[in-house]
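To find a chain, count down the sequence lines: A is the first, B the second, and so on, and within it residues start at 1.
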2 protein chains.
Amino acid sequence: MIKNFQELLSHAKTLPTKQVAVIFPANEDTFLAVKQARDEGIASFLLVGDERRISEGVRKVGVGGDGISHKYVQNVEDALLQSVTAAREGRADIVMKGSVDTSTMMKALLDQGAGIRTGRILSDIFMFEFPKRVHNKFIMITDGGVTIAPDLKDKLELINNAVEVAHALGNENPKVALLSATEFVHPKLPSTVDAAELTKMNERGEIRGCVVGGPLALDGAISLEAANEKRMSSPVAGRAEILVAPNIETANNLAKSTIYFAGFALGHVIVGGRVPILIPSRADKAEARLHSIALGVIMSEYIRKKHAA
Amino acid sequence: MIKNFQELLSHAKTLPTKQVAVIFPANEDTFLAVKQARDEGIASFLLVGDERRISEGVRKVGVGGDGISHKYVQNVEDALLQSVTAAREGRADIVMKGSVDTSTMMKALLDQGAGIRTGRILSDIFMFEFPKRVHNKFIMITDGGVTIAPDLKDKLELINNAVEVAHALGNENPKVALLSATEFVHPKLPSTVDAAELTKMNERGEIRGCVVGGPLALDGAISLEAANEKRMSSPVAGRAEILVAPNIETANNLAKSTIYFAGFALGHVIVGGRVPILIPSRADKAEARLHSIALGVIMSEYIRKKHAA
């Protein structure tokens, strides 16, 4: 099982080379991420964008040569279309956001005709490293990026998407906590009711490949000490590896708290589509971008093997 | 302005002694918190509960004598009634949860006849110390404890309640961030629309005593670096001192992340009622309980002065 980003990067390097289509690269951070990932042997890149900006960016950070190709287009819309086409035709294994608005990009990717959809929900899996001195494990948070207010059926898909990432990392039976503000089921707080129902569905075998528990709040989900003090008996309590939030605001802010409050290392990827999608935030550090690319590579290989099987 | 818990404890000690009614104390953590706060001269206590359990608890942790009185009752319901009556009649300045379920307690306190209500919403203000090496300031998060899904009017009251706490700590014009999952206004994400409206209301002078900004996600709210990278111009961006969450799940889990992920020092108090209400969590450490009692003392004095003025 891959337990931290060092192991994740090492593992990505052992896989067949994956090609990342970068949609309209235009700022230095993007070219730096491309250079670093190429230099470390994590992936190769197809830069889909404006000729002048690509030439400038490539020259500025020195990222020409092996593992870098390009396709020049007139504008962002063409870059989106060409990148999606490359993904559909197998010339790109992963797509990555450059200088394009996230919602514009997601709209293009989610478009029925675009061919990235598989019938599943797309969802963002944010992953951070719970420090070695405490745990040495990954914890995932979802969905802080795509689904605004998931209903019960959506949550089922959010669970399955995150579980797929855990499986790809070798965690065969991840512990999934359904977050709310309390561990009690209150009819007035719908997230607790959904959580109880999803936990039951897992017990009945309707959700597989994981152990689901909830409702839980963060303390009961990730702290064994808090779980014990509250006398919780769920196998997930205190040991959660995947946190499924009841809404996008909880997931987004909780994920950001691990960066801006706790200073943990992170990576994130959107799964559920034909290929993994990377949406580096403007505020993502170089390290986070590299982790995310490696995560995309591992997910791409996992999807390929699953389809081949 | 009080900027950290050391200053907060020191300040609480300088105020006229406040009496805390403890509702059905029965476990050791409660008696230990009472002892520590009494010994440090933060407050005096009225223990309202079962005779045998109080006698045992007092003996076990050695908290008899000065600053401790008791009222024996038969059960939790009587303890609630007596504590609320003590608060209404001015014999208690603060009420604190002992071994009683939070929702049972809040129901009793919120009861129309109970006399704790003032017509305002009650809301939980969670406060943590943003470490000295970075900021040396408090940041508040609300409401992770009482209001499940605040509407626009509720959010207005949540802002006012938190701003009152900031004022009590000497921060005369706190910066309030309205959290969502993004800094853009999207009609499909109602929390962004509410945030924009509340920001406008503040600009028009309909919300006073603070500067409101939003929608913001955590990065734009508390990281100047992220705010600059995203080219935000709001005076709140990167400098928020109060985070108003769009729902109870976001506030609750974000607050817990500062404890369980970041390890920050914390305190919390429920305001909006006739007296401050303390609801120590079973998982709260002794330090957090002491901070919360001191915060209750400061709020009690602030409310008294405001009414006297």
| task | Quick one: which of A/I259, A/L254, A/I139 has the most heavy-atom pairs under 4.5 Å with chain B, could you say? | result |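 Counting heavy-atom pairs under 4.5 Å, the top option is A/L254.
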| task | Would you mind telling me which of B/A245, B/G263, B/S191, B/A255 has the largest number of heavy-atom pairs within less than 4.5 Å of chain A? | result |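 If we count pairs closer than 4.5 Å to chain A, B/S191 comes out on top.
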| query | Among B/P190, B/A262, B/S223, which residue forms the greatest number of heavy-atom pairs with chain A at distances under 4.5 Å? | reply |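 Looking at each of B/P190, B/A262, B/S223 in turn, B/A262 comes out on top.
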Distance, nearest 0.5 Å, that separates [atom1] of [X] from [atom2] of [Y]:
X      : Y      : atom1 : atom2 : answer
A/L179 : B/N253 : CG    : CG    : 5.0 Å
A/H186 : B/S103 : NE2   : OG    : 4.5 Å
B/E229 : A/D29  : CD    : CG    : 7.0 Å

| said: For A/N247, which atoms come within 4.5 Å of any heavy atom of chain B: side chain, backbone, both, or neither? | reply: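 The side chain, not the backbone.
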| Part of A/I222 lying under 4.5 Å from any heavy atom of chain B |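 When you check distances to chain B, only side chain atoms of A/I222 fall under 4.5 Å.
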Count the heavy atoms belonging to other residues, nucleotides or ligands that lie under 6.0 Å from [atom1] of [X], then report whether that count exceeds 12.
X      : atom1 : answer
A/E77  : CD    : yes
A/K285 : NZ    : yes
A/K230 : NZ    : yes

| task | Heavy atoms only: give me the nearest B/N252-A/A217 pair and the separation to one decimal. | result |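 Where B/N252 meets A/A217 most closely, the heavy atoms are OD1-CB, 3.7 Å.
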| message | So which atom in A/F261 and which in B/S257 form the shortest heavy-atom distance, rounded to 0.1 Å? | response |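 Looks like CD1-OG, 4.2 Å.
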| query | For chain B, which residues of residues 143-156 of chain A have at least one non-hydrogen atom nearer than 4.5 Å to it? | reply |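 A/I148 fall under the 4.5 Å cut-off.
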| field | Any pair counted as salt bridge (Lys or Arg N to Asp or Glu O under 4.0 Å), so long as it reaches residues 237-255 of chain B, sequence neighbours left out | value |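 Residue pairs with at least one partner in residues 237-255 of chain B: there are none.
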